[in-house]
Amino acid sequence: MVKAVVCGAAGGIGQPLSLLLKLNPIITELSLYDVVNAVGVAADLSHIPTPAQVTGFLPADNGAEKALKGADIVVIPAGVPRKPGMTRDDLFVNAGICATLAQAIANACPKAFILVISNPVNSTVPVFAETLKKAGVFDPKKLLGVSHLDIIRASTFVASVLGKPTEALHYTIPVVGGHSGATILPLLSQAKPAIPDILNDKEKRDALVNRIQFGGDEVVKAKDGAGSATLSMAQAGAEFANYVLEAAFGGKKGKVVQAYINLGADAGGEGIKKEIGTDLDYFSVNIELGPSGIEKILPIGQIDDVEKGLLEAAVKELGPSIEKGNSFTPAPPKL
């Protein structure tokens, strides 16, 4: 029996994410929580004939903790979406929502895997960590910032540049750093299969890196004020959740992915700090998943001179974002 919870289930990411999790055969119980419409979304999804039994919850009568009680995995897309002209960092208003949900998780399911989608991920993951620390239940192996959309964008965009758009799934490009603009560092030199046609063409490479870093802006602009990247983010979130579920409950071993994590989750985090040349608490890195979450933090590995420059820029921007999350103090509740 595996219970999954989506917090923010009625929103633009939450609804398609909930649908995709309903279709995951590992999940047997799916709880949906939001400030509005979660009960209706649950009723709709409950008609689909898959193992996951769906229930919706609203804030009344301590609904968040009721939804979360006994959860094995919690996926959190809750918060306000990005509008034209906004950066992900402008969404720090979501920090209060994240702190509230982190406290509910601490109370109701402190051992659950926590997958944070709510932007700005570079800051909201530290907000979750600090709230869980104060509650005495922080497990760095189980707190994962979902940067997976950057990885699937990299595969899609690389295949497109190479003139092979239908072969996107054949390309694997690690993406490390953070999950916002210049903090996103696609390691094109580590692409499998290798992509010399791109690496040897500066103009092509620069344009590709920029598109991976700012791909979300394309969607915000195209939707013209009606939202941000919701469907692709839902797919990325569901795929990443499946990797965690397969490793924790499906017996799948050795799965390596990238996620934005606390580098204290494993001894390998100290090696990352040496590779990046600074003492950051959080970074999106290669991790090996297992039953306890993060089994190993793996090295970034060899990168080329272009990527060294991008790494320097990423580290410079990440520091203040992490500090913003670490020092966040939620406003006292209104009585």
Side-chain angles (χ1 to χ4, degrees), residues 1-24 26-48 50-81 91-119 124-125 127-139 142-143 146 230 234 237-238 241 245 328-335:
M1 305 292 284
V2 175
K3 178 175 177 177
V5 181
V6 179
C7 293
I13 298 170
Q15 290 201 38
L17 174 63
S18 298
L19 169 61
L20 292 167
L21 293 178
K22 173 72 168 101
L23 301 176
N24 189 310
I26 296 174
I27 297 168
T28 53
E29 185 178 350
L30 180 61
S31 281
L32 308 183
Y33 174 77
D34 211 324
V35 292
V36 292
N37 301 336
V39 174
V41 175
D44 195 353
L45 292 179
S46 71
H47 295 184
I48 299 170
T50 59
Q53 300 304 293
V54 193
T55 315
F57 296 86
L58 296 170
D61 301 319
N62 205 19
E65 289 188 26
K66 286 179 182 175
L68 289 160
K69 187 170 175 58
D72 297 295
I73 183 170
V74 184
V75 190
I76 303 145
V80 299
L91 294 176
F92 194 68
V93 63
N94 289 335
I97 297 167
C98 290
T100 301
L101 289 171
Q103 187 59 57
I105 290 167
N107 296 342
C109 55
K111 296 189 182 302
F113 296 98
I114 304 168
L115 277 56
V116 182
I117 292 172
S118 306
N119 274 316
T124 54
V125 171
V127 168
F128 268 90
E130 292 306 307
T131 307
L132 295 167
K133 282 177 191 174
K134 284 172 188 162
V137 295
F138 177 52
D139 181 354
K142 290 189 169 183
L143 177 63
V146 182
T230 53
L245 290 166
F328 175 72
T329 304
K334 292 177 182 174
L335 301 174

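Atom set for the values below is all heavy atoms of this structure, side chains included, hydrogens, waters and symmetry mates excluded.
- Of all the heavy atoms in Val74 and Ala112, the pair that sits closest is CG2-CB, 4.1 Å.
- With rounding to the nearest 0.5 angstrom, the CZ atom of Phe328 is 11.0 Å from the OG1 atom of Thr124.
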* Can you check side chain to side chain contact (heavy atoms under 4.5 Å, CB included) on Ser118 and Ile97, steps first, answer last? -> CA-CA 9 Å; Ser118 306; Ile97 297 167; 6.0 Å; no
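- Side-chain N or O atoms of Lys22 include one that pairs as donor or acceptor with a backbone N or O of Thr50 at under 3.5 Å.
- Rounded to the nearest 0.5 angstrom, Leu101 CG and Leu68 CG are separated by 7.5 Å.
- Heavy-atom minimum distance, Ala38 versus Phe57: CB-O, 3.3 Å.
- The two residues Phe138 and Ala129 come nearest to each other via the heavy atoms CE1-CB, 3.7 Å.
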Show me the side-chain donor-acceptor pairs of residues 40-47 shorter than 3.5 Å, one per line, residues at least two apart or across chains.
from  : atom 1 : to    : atom 2 : distance (Å)
Ser46 : OG     : Ala43 : O      : 2.6

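- Within the structure, the side chain to side chain donor-acceptor pair (under 3.5 Å) test picks out the following pairs touching residues 100-111 (sequence neighbours left out): Glu65-Asn107, Gln103-Asn107.
- Residues Cys98 and Val127 approach most closely at CB-CG1, 4.2 Å, considering heavy atoms.
- Within a 6.0 Å radius of NZ in Lys69, no more than 12 heavy atoms belonging to other residues, nucleotides or ligands are found.
- We find the CG-OG1 distance between Leu30 and Thr55 to be 8.5 Å, quoted to the nearest 0.5 Å.
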Side-chain atoms of residues 5-21: list all donor-acceptor pairs with protein atoms under 3.5 Å, sequence neighbours left out, distances to 0.1 Å.
from  : atom 1 : to    : atom 2 : distance (Å)
Gln15 : NE2    : Ala10 : O      : 3.1
Ser18 : OG     : Gly14 : O      : 2.7

* Just do the side chain to side chain contact (heavy atoms under 4.5 Å, CB included) check on Ile76 and Ile105 with the steps written out, would you? => CA-CA 11 Å; Ile76 303 145; Ile105 290 167; 4.0 Å; yes
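- Within the model, atoms CZ of Phe113 and CG of Leu143 stand 12.0 Å from one another, a figure rounded to the nearest 0.5 Å.
- No donor-acceptor distance shorter than 3.5 angstrom exists from the side chain of Lys3 to the backbone of Ser31, with no hydrogens or angles considered.
- Put simply, the side chain of Val2 does not reach to within 4.5 Å of the side chain of Asn24, judged on heavy atoms.
- The shortest non-hydrogen separation linking Val39 to Gly56 is CG2-O, 3.7 Å.
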